[in-house]
Each structure stands twice: as structure tokens, then as C-alpha cells.
Novice: 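To start, I am sharing the structure in question, which I have written as C-alpha cells.
By convention here, the first residue in the shown sequence is residue 1. Everything numeric in this text was worked out from a predicted model, so none of it was measured. Whatever order the structure lists them in is the order used to number ligands and atoms, beginning at 1.
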Amino acid sequence: NTTYEHILTSRPAEGVALITLNRPKALNALSTPVFTELNDAVAAFDRDDAVRALVLTGSERAFAAGADIKEMKDKEYSDVFKNKFLESWSLITQIRKPIIAAVSGYALGGGCELAMMCDIILASPTAVFGQPEINIGVVPGGGGTQRLARAIGKSRTMELTLTGRNFTAAEAADWGLVSRVSENVLEDAIAVAATIASKSAVAVQAGKEAVNVAYETTLAEGLRYERRIFHGLFATHDQKEGMAAFAEKRKPTWTHS
Ligand code: CO8
């Protein structure tokens, strides 16, 4: 029940927490105060056993139009270096529970990067993605060059980063950046989260960890890691329950442990 200034939080479905970026006047421009609240809310939901999946969204007009340029413009190198500017902006990648980005409108610069820090991205047909930092004399700083390159390949990432051109929801889907385009993006993201929340939480979290390893290591290492995680799940109640329920032709009752 914490009250925040820049975000809203709610529980729209069983096991699902929703975080809505709420700086409408600045098209949800991102700043350290926004991330302080976002990190706090995400960490609290990650700790809360009643929550098994998260959804992050913005407004119809903007998921987030990037880092707050007005706030950044007068910073000096020594400020950003000494204060580790941006370091706290990627903490959401550290949580165990899956987080789904529901993107409508602008997802530019840090907004696109924030969406890419989530585990799944669903896009409204209105979504406009881009890494336009080159237009203000910089480059992406929140993982844009790295996560985009892994998601859509070098040539497209290079073109987008160096020209700063925006791209559409259809392009994002075509390139595999988003899992799909949906007219009712928030409703659908909540439905996906609710489906995930209905599974064994321990298996879900193991699955998230395994998929994320695919981005960070070689195929051989990744396969070994996946096998270990698979083996490890045989130590859980939910593996016994899930397989017994299948054999007995009944629905499993998860204890999420
Ligand atoms: N920063 C600060 N204020 C912003 C931002 C922003 N990124 N985007 C929009 N706003 C403000 C505008 O200044 C305006 O405020 P005001 O009414 O006080 O003038 C208000 O939001 C509405 O915006 P516009 O009037 O510009 O609305 P339009 O519909 O005409 O245009 C655009 C919408 C195209 C989205 C336009 O606002 C725009 O180009 N915004 C900037 C996009 C951009 O360059 N983003 C990248 C920023 S750099 C960055 O993100 C670095 C990332 C660092 C890492 C982050 C890790 C997560």
C-alpha cells in the first residue's frame, strides 16, 4: 500500500502485480527518482509470495520517452562517473519473478531499454520503438546497443543506433523483439502474467533463469546449465505433484516449492 509519486501499483489478477509509470506530462521520462520507486516496488513484489508475475506498463501515449533529457543535459563527466549514473536503472533485471512489458506509444531511448530489461514484451499497434540517442549527441546507455543486438541482430541494431530512426510495432514483431502485437496490450499482458502465475512458481523462476543464460554464455555452457536446472527441479514438491497429477489424470495443486 505504499504511495508513490511517479508510479502506480495494483493487483489486477490472481498472482499478478501491475506497475504503471505515471509521469504523463513528461511522457514518462525516466529519472533516478522514477527508478528509486520502480526498484522499490519491483523488489517488494519480488519478495511477496502472493505475486508470481509482474506487468510493467506506461500510458496509451508513452511507455516511456527515454531518460529525462532536461535532467541530464547539464551533467558533467565527473558527476555521472562518480555517482554511477544509470547503475540503479537496471536493477529490475535482478528479480526472480518474470516481468512483462506492455508497450503502447513511445518506447524511446531508455524507454526501449527498459522494455528490453523485461522478460517478455507485448506491443500495441501504436507502439513506437527507437534508440534516438544519436540525435542528442550520445549513444544508448541502458543496454540498448547490447540487448537490441542480441534480440534483432547486428545490422539492424547498427542502423537504428546510428541513424536514430524509430521503428514500428510490426517491425519489432517481425524482428522478434516483441513476442506479439496486440490491440489490447495491457489486458493481454495481464492475461499472460496470470497464466504464468497459475504455474509452479519455482519452475517458472527456474525457466526464466535458464532462458536468460542463453544471452550470456555459449551454447555448450547454456545446455549444461539448462540440464542442471532441469535436474535440480527433481528436488521440488511441484515436480512430484505435476508428474503425479499427469499420471493420475487430474489437475496439479502447486505449492510453488
Ligand atoms: N526527457 C524529458 N522530457 C521529455 C522527454 C524526455 N526524454 N520526452 C518528452 N518529454 C517532455 C517534452 O519535453 C514535453 O514537455 P513540455 O510539455 O514541458 O515541453 C512533453 O514531454 C511532451 O513531449 P512533446 O511535446 O515533445 O510531445 P510530441 O508528441 O511532440 O513528441 C516525442 C513526442 C517524439 C517522444 C518527443 O517528446 C521526443 O522526441 N522525446 C525525446 C525522445 C528521446 O530522445 N529519447 C531518448 C532520451 S536519451 C536516453 O533515453 C538515454 C538512456 C539512458 C539509459 C536509460 C536506461 C533505462
Novice: For atom 52 (C) of ligand 1, grab the closest protein heavy atom and report residue, atom and distance to one decimal in Å.
Specialist: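 Of the protein heavy atoms, E113 OE1, 3.4 Å lies nearest.
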Novice: Which protein heavy atom lies closest to atom 28 (P) of ligand 1, and at what distance to 0.1 Å?
Specialist: R61 NH2, 3.7 Å
Novice: Short list, please: which atoms of ligand 1 are under 4.0 Å from a heavy atom of I136?
Specialist: 48 (S)
Novice: I need the atoms of ligand 1 closer than 4.0 Å to a non-hydrogen atom of P132, numbered in the order shown.
Specialist: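 What qualifies from ligand 1 is 43 (C), 44 (O), 45 (N), 46 (C).
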Novice: Do any nitrogen or oxygen atoms of I69 lie less than 3.5 angstrom from nitrogen or oxygen atoms of ligand 1?
Specialist: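 I69 vs ligand 1: N/O contact under 3.5 Å present.
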Novice: Distance to 0.1 Å, residue and atom name: give those for the protein heavy atom nearest to atom 4 (C) of ligand 1.
Specialist: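 Checking every protein heavy atom, the shortest distance to atom 4 (C) of ligand 1 gives A26 O, 3.9 Å.
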Novice: For E60, does the CD atom sit with more than 12 other heavy atoms under 6.0 Å from it, leaving out its own atoms?
Specialist: no
Novice: Determine the minimum heavy-atom distance between F167 and C112, stating which atoms define it.
Specialist: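 Heavy atoms only, the tightest pair is CZ-SG, 4.5 Å.
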Novice: Taking all non-hydrogen atoms of both residues, which atom of P98 and which atom of I196 are closest, and how far apart?
Specialist: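 Smallest interatomic distance, heavy atoms only, reads CG-CG2, 3.7 Å.
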Novice: Does an N or O anywhere in L30 fall below 3.5 Å from an N or O of ligand 1?
Specialist: no
Novice: At their closest point, which heavy atom of A102 faces which heavy atom of V55, and how far apart are they?
Specialist: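 In terms of heavy atoms, the two residues are closest at CB-CG1, 4.3 Å.
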Novice: What protein heavy atom is closest to atom 16 (P) of ligand 1, reported as residue, atom name and distance in Å?
Specialist: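 Here the nearest protein heavy atom works out to K70 NZ, 3.8 Å.
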Novice: Test of understanding: given a 4.0 Å heavy-atom threshold, classify the contact between V138 and ligand 1 as side chain, backbone, both, or neither.
Specialist: neither
Novice: Any side-chain to backbone donor/acceptor pair from S124 onto S104? Under 3.5 Å, distance only.
Specialist: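 It does not hold such a pair.
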Novice: Flag the pair L160 / F129 as yes when at least one side-chain heavy-atom distance between them is below 4.5 Å, and no otherwise.
Specialist: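 The answer is no; the side chains never approach within 4.5 Å.
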Novice: Looking only at non-hydrogen atoms, find the nearest pair between G144 and M116 and report the distance.
Specialist: CA-CE, 3.9 Å
Novice: Pull out every atom of ligand 1 sitting under 4.0 Å from any heavy atom of L108, numbered as shown with elements.
Specialist: 35 (C), 42 (C)
Novice: Measure from the side-chain N and O atoms of E37 to the backbone N and O of Y4, and report whether any donor-acceptor pair falls under 3.5 Å.
Specialist: no
Novice: At less than 4.0 angstrom from any non-hydrogen atom of G110, what atoms of ligand 1 do you find?
Specialist: 49 (C), 50 (O), 52 (C), 55 (C), 57 (C)
Novice: How close do T93 and R147 get, counting heavy atoms only, and between which atoms?
Specialist: CG2-NH2, 3.7 Å
Novice: Find out if a path of hydrophobic residues (ILVMFWY) with successive side-chain heavy-atom gaps under 4.5 Å connects I100 to F63.
Specialist: no
Novice: Between M243 and F234, which heavy-atom pair has the shortest distance, and what is it?
Specialist: CE-CZ, 4.1 Å
Novice: Once you restrict to heavy atoms under 4.0 Å, what part of R23 touches ligand 1? Side chain, backbone, both or neither.
Specialist: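 None of R23 does.
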Novice: Nearest to atom 17 (O) of ligand 1, what protein heavy atom do you find, and at what distance?
Specialist: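 Answer, as residue, atom name and distance: K25 O, 4.5 Å.
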Novice: I'd like to check which ligand 1 atoms, numbered from 1 as shown, lie under 4.0 Å from a non-hydrogen atom of M117.
Specialist: 57 (C)
Novice: Less than 3.5 Å between some nitrogen or oxygen of W89 and one of ligand 1, yes or no?
Specialist: no
Novice: Heavy-atom distances under 4.0 Å are what count here, so tell me which part of A65 touches ligand 1: side chain, backbone, both or neither.
Specialist: both
Novice: Indicate, as side chain, backbone, both or neither, the part of A29 found under 4.0 angstrom from ligand 1 when only non-hydrogen atoms are considered.
Specialist: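 Under 4.0 Å from ligand 1, A29 contributes side-chain atoms alone.
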Novice: Identify which one of K73, K75, R23, K25 satisfies the salt bridge (charged side-chain N to carboxylate O under 4.0 Å, His left out) criterion when paired with D68.
Specialist: R23
Novice: Give the numbers and elements of all ligand 1 atoms closer than 4.0 Å to a heavy atom of E133.
Specialist: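 Numbered from 1, ligand 1 contributes 48 (S), 49 (C), 50 (O), 51 (C), 52 (C).
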Novice: Just wondering, more than 12 heavy atoms not from E241 lying within 6.0 Å of its CD?
Specialist: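 Atom CD in E241 is packed in, count exceeds 12.
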Novice: Which of the numbered atoms in ligand 1 are below 4.0 angstrom from a heavy atom of G109?
Specialist: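 Those atoms are 46 (C), 50 (O).
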Novice: Distance below 4.0 Å between atom 38 (C) of ligand 1 and any protein heavy atom?
Specialist: no
Novice: Mind telling me whether Y77 and F81 have parallel, tilted or perpendicular rings, with 30° and 60° as the class edges?
Specialist: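 Because their plane-to-plane angle is under 30°, the rings of F81 and Y77 count as parallel.
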Novice: Give yes if a backbone or side-chain nitrogen or oxygen of A67 is under 3.5 Å from a nitrogen or oxygen of ligand 1, and no if not.
Specialist: yes
Novice: Less than 4.0 Å is my threshold; does some heavy atom of E71 fall inside it relative to ligand 1?
Specialist: no
Novice: At what distance is the nearest protein heavy atom to atom 2 (C) of ligand 1, and which residue and atom is it?
Specialist: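 Checking every protein heavy atom, the shortest distance to atom 2 (C) of ligand 1 gives D68 OD1, 3.3 Å.
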Novice: Determine whether more than 12 heavy atoms belonging to other residues, nucleotides or ligands lie under 6.0 Å from atom CD of E248.
Specialist: yes
Novice: So is Q131 in contact with ligand 1, going by heavy-atom distances below 4.0 Å?
Specialist: no
Novice: More than 12 foreign heavy atoms under 6.0 Å from CZ of R165: is that the case here?
Specialist: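 Yes, enclosed.
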Novice: Can you list the atoms of ligand 1 that are under 4.0 Å from a heavy atom of G142?
Specialist: 54 (C), 56 (C)
Novice: Among protein heavy atoms, which sits nearest to atom 31 (O) of ligand 1, and what does the distance come to when rounded to 0.1 Å?
Specialist: Y106 OH, 4.3 Å
Novice: Between L86, L114, L27, flag the one that comes closest to atom 33 (C) of ligand 1 by a heavy atom.
Specialist: L27
Novice: Heavy atoms of the protein only: does one fall short of 4.0 Å from atom 26 (O) of ligand 1?
Specialist: no
